[in-house]
Amino acid sequence: MRSIIAKPFDDPRAPDAPPAPPIEIDAAGGAGERLDRFVASRLSGVSRTRLQRWIALGAVRCDDRVLPASTRLLGIETIVVEPQPLEADTAFSAEPVPIDVLHEDGQLIVLCKPAGLVVHPGAGNWHGTLMNGLLFHRPALAALPRAGIVHRLDRETSGLLVVARTERAMSSLAAQLADRSMGRRYLALVAGRCPAGGCIDAAIARDEVSRVRMAAVPAGRGRPARTWFRTLARGRVGEREVSLVECRLESGRTHQIRVHMHSIGHPLVGDTLYGGPVLAGFARQALHAWRLQLRHPADGRAVSWSSPMPADMVALCEAAGIDAGAAQRAAAASFEPKEPR
């Protein structure tokens, strides 16, 4: 049996060491074994306790899915381990971070995340995250990776998130994300006079120049990504024309809407990372996850929730002469985009 040497990349003897690359493990021969035990047997230099913390943080994936440590392997999976820094050892802790619960039942929780809140711990943000708050307010979620969080929003993006309360729900929601049946719709204020609507079909990869940015790249160089959009209203802030658009994701890549709208010349207002202008003092990306649709894990019925634009985005719309209420009512109308010709 071959062992792979893996160490936390934040070695105190080398504080400037770059992150260790992901480790790929073939689960052949591991049929019936627990995920944590099997991976621990394949890694040298990482205790099972530390590995369980990595699994809890979602840093261990099977076929691109985050699974609990107790998952029994089929022996056909590809397991990817992302070694974590020493700070991660204390990241999975309960902290009194406020959470805004919109809906809760035995299988899931729907939250409205405010702008400025990080969803789960990571480099530079090991505490004070939404995940830490979930562990404080719902301690039973400690049994699930990332406390049941199955998707994320950027720190400065506001809006709806769904959290699983059981392994069954986590599996169901992860599958819906993978097969694109979970509907996620966003409202964004972008620079310029945006077209009436369309589809942006462009792969996304890490920017080769700036590692904090993503970029739209030719097919084959990145992960496939598709965003549908339609313009709800147009206005002007000073000399700058702006458009309020609704976007619907068919995939969930990092910074997807921000990258795609930038790629067609309409970056989000306030999104300075992608060239968006700061208008009327609005200094975050003007993006809000306003609607969430999914099949309930308990019985498969279609359910949905919505969240109105936060006060700062409403004020930005008003500064642009856009009726935010009317725009949101328009967004509530059916949105069934057609395949582009």
Side-chain angles (χ1 to χ4, degrees), residues 19 53-61 64-68 82 84-85 87-88 90-104 108-165 169-170 173-174 176-178 182 184-188 204 212-214 247 249 251-259 268 270-271 273 284-292 294 305 307 310 312-313:
R53 294 187 184 119
W54 292 2
I55 293 172
L57 285 169
V60 178
R61 304 189 306 278
D64 214 25
R65 292 183 298 154
V66 174
L67 298 173
E82 297 176 344
Q84 297 295 295
E87 292 93 333
T90 61
F92 206 77
S93 57
E95 298 174 4
V97 177
I99 60 175
D100 182 6
V101 176
L102 188 64
H103 168 85
E104 183 171 8
L108 53 79
I109 305 171
V110 177
L111 307 171
C112 189
K113 186 190 85 69
L117 179 63
V118 175
V119 171
H120 58 73
N125 296 285
W126 293 109
H127 295 282
T129 70
L130 174 64
M131 191 192 84
N132 298 120
L134 285 168
L135 292 170
F136 180 86
H137 297 286
R138 304 292 187 274
L141 292 177
L144 298 174
R146 291 179 178 168
I149 295 169
V150 293
H151 64 118
R152 71 180 75 182
L153 296 175
D154 294 340
R155 178 176 191 158
E156 297 303 332
T157 298
S158 57
L160 298 176
L161 276 171
V162 63
V163 176
R165 294 192 64 183
M170 193 160 200
L173 296 171
Q176 292 180 56
L177 282 167
M182 183 183 292
R184 291 167 292 162
R185 291 158 63 172
Y186 295 73
L187 296 171
I204 291 177
V212 299
R213 288 164 48 107
M214 307 299 287
C247 298
L249 297 182
S251 49
R253 310 306 179 206
T254 300
H255 297 181
Q256 179 170 322
I257 292 174
R258 300 166 64 188
V259 170
L268 274 61
D271 191 4
L273 183 63
R284 70 171 178 92
Q285 65 258 17
L287 185 62
H288 177 68
W290 86 273
R291 189 166 176 82
L292 179 68
L294 53 88
W305 297 270
S307 170
D312 61 346
M313 277 190 66

[X] and [Y]: which non-hydrogen atoms are nearest, and at how many Å?
{"X": "V101", "Y": "L111", "value": "CG2-CD2, 3.6 Å"}
{"X": "L108", "Y": "L294", "value": "CD2-CD1, 4.2 Å"}
{"X": "W126", "Y": "Q84", "value": "CH2-OE1, 3.7 Å"}
{"X": "T254", "Y": "I204", "value": "O-CG2, 4.1 Å"}
{"X": "A289", "Y": "L153", "value": "CB-CD2, 4.0 Å"}
{"X": "I149", "Y": "M170", "value": "O-CE, 3.8 Å"}

Could you give the distance from [atom1] ([X]) to [atom2] ([Y]), rounded to the nearest 0.5 Å?
{"X": "M182", "Y": "L173", "atom1": "CE", "atom2": "CG", "answer": "4.5 Å"}
{"X": "R165", "Y": "L144", "atom1": "CZ", "atom2": "CG", "answer": "10.0 Å"}
{"X": "H103", "Y": "L292", "atom1": "NE2", "atom2": "CG", "answer": "10.5 Å"}
{"X": "S93", "Y": "H127", "atom1": "OG", "atom2": "NE2", "answer": "5.0 Å"}
{"X": "M131", "Y": "F92", "atom1": "CE", "atom2": "CZ", "answer": "5.0 Å"}
{"X": "L161", "Y": "I109", "atom1": "CG", "atom2": "CD1", "answer": "11.5 Å"}

| message | Test your reading of the model: is there a side-chain donor-acceptor pair from H288 to the backbone of S307, 3.5 Å cut-off? | response | yes
| query | Is a donor on one side and an acceptor on the other found under 3.5 Å between the side chain of H151 and the backbone of V162? | reply |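 Between the backbone of V162 and the side chain of H151 there is a qualifying donor-acceptor contact (under 3.5 Å).
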Taking the side chain as every heavy atom from C-beta outward, state whether [X] and [Y] have any atom pair closer than 4.5 Å.
{"X": "D100", "Y": "P114", "value": "no"}
{"X": "L134", "Y": "V163", "value": "yes"}
{"X": "K113", "Y": "S158", "value": "no"}
{"X": "V97", "Y": "L117", "value": "yes"}
{"X": "Y186", "Y": "L249", "value": "yes"}
{"X": "Q285", "Y": "T157", "value": "yes"}
{"X": "R152", "Y": "R146", "value": "yes"}
{"X": "L273", "Y": "R213", "value": "yes"}

| task | Start with the C-alpha gap between N125 and R155, add the side-chain angles, then the distance that decides, and say whether side-chain contact (heavy atoms from CB on, under 4.5 Å) holds. | result | CA-CA 10 Å; N125 296 285; R155 178 176 191 158; 3.1 Å; yes
| said: side-chain contact (heavy atoms from CB on, under 4.5 Å) for W290 and L160? Distances and angles first, verdict last. | reply: CA-CA 6 Å; W290 86 273; L160 298 176; over 6 Å; no
| field | Side-chain ion pair, D271 and R284, N-O less than 4.0 Å | value |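 A salt bridge is absent here (no side-chain N lies under 4.0 Å from a carboxylate O).
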| query | Tell me the side chain to side chain donor-acceptor pair (under 3.5 Å) pairs involving residues 132-141, sequence neighbours left out? | reply | E104-R138, T129-N132
| request: List the steps, then state whether side-chain contact (heavy atoms from CB on, under 4.5 Å) holds for L130 with H120. | output: CA-CA 6 Å; L130 174 64; H120 58 73; over 6 Å; no
| H255 and D154: side-chain contact (heavy atoms from CB on, under 4.5 Å), yes or no, with the steps? | CA-CA 7 Å; H255 297 181; D154 294 340; 3.3 Å; yes
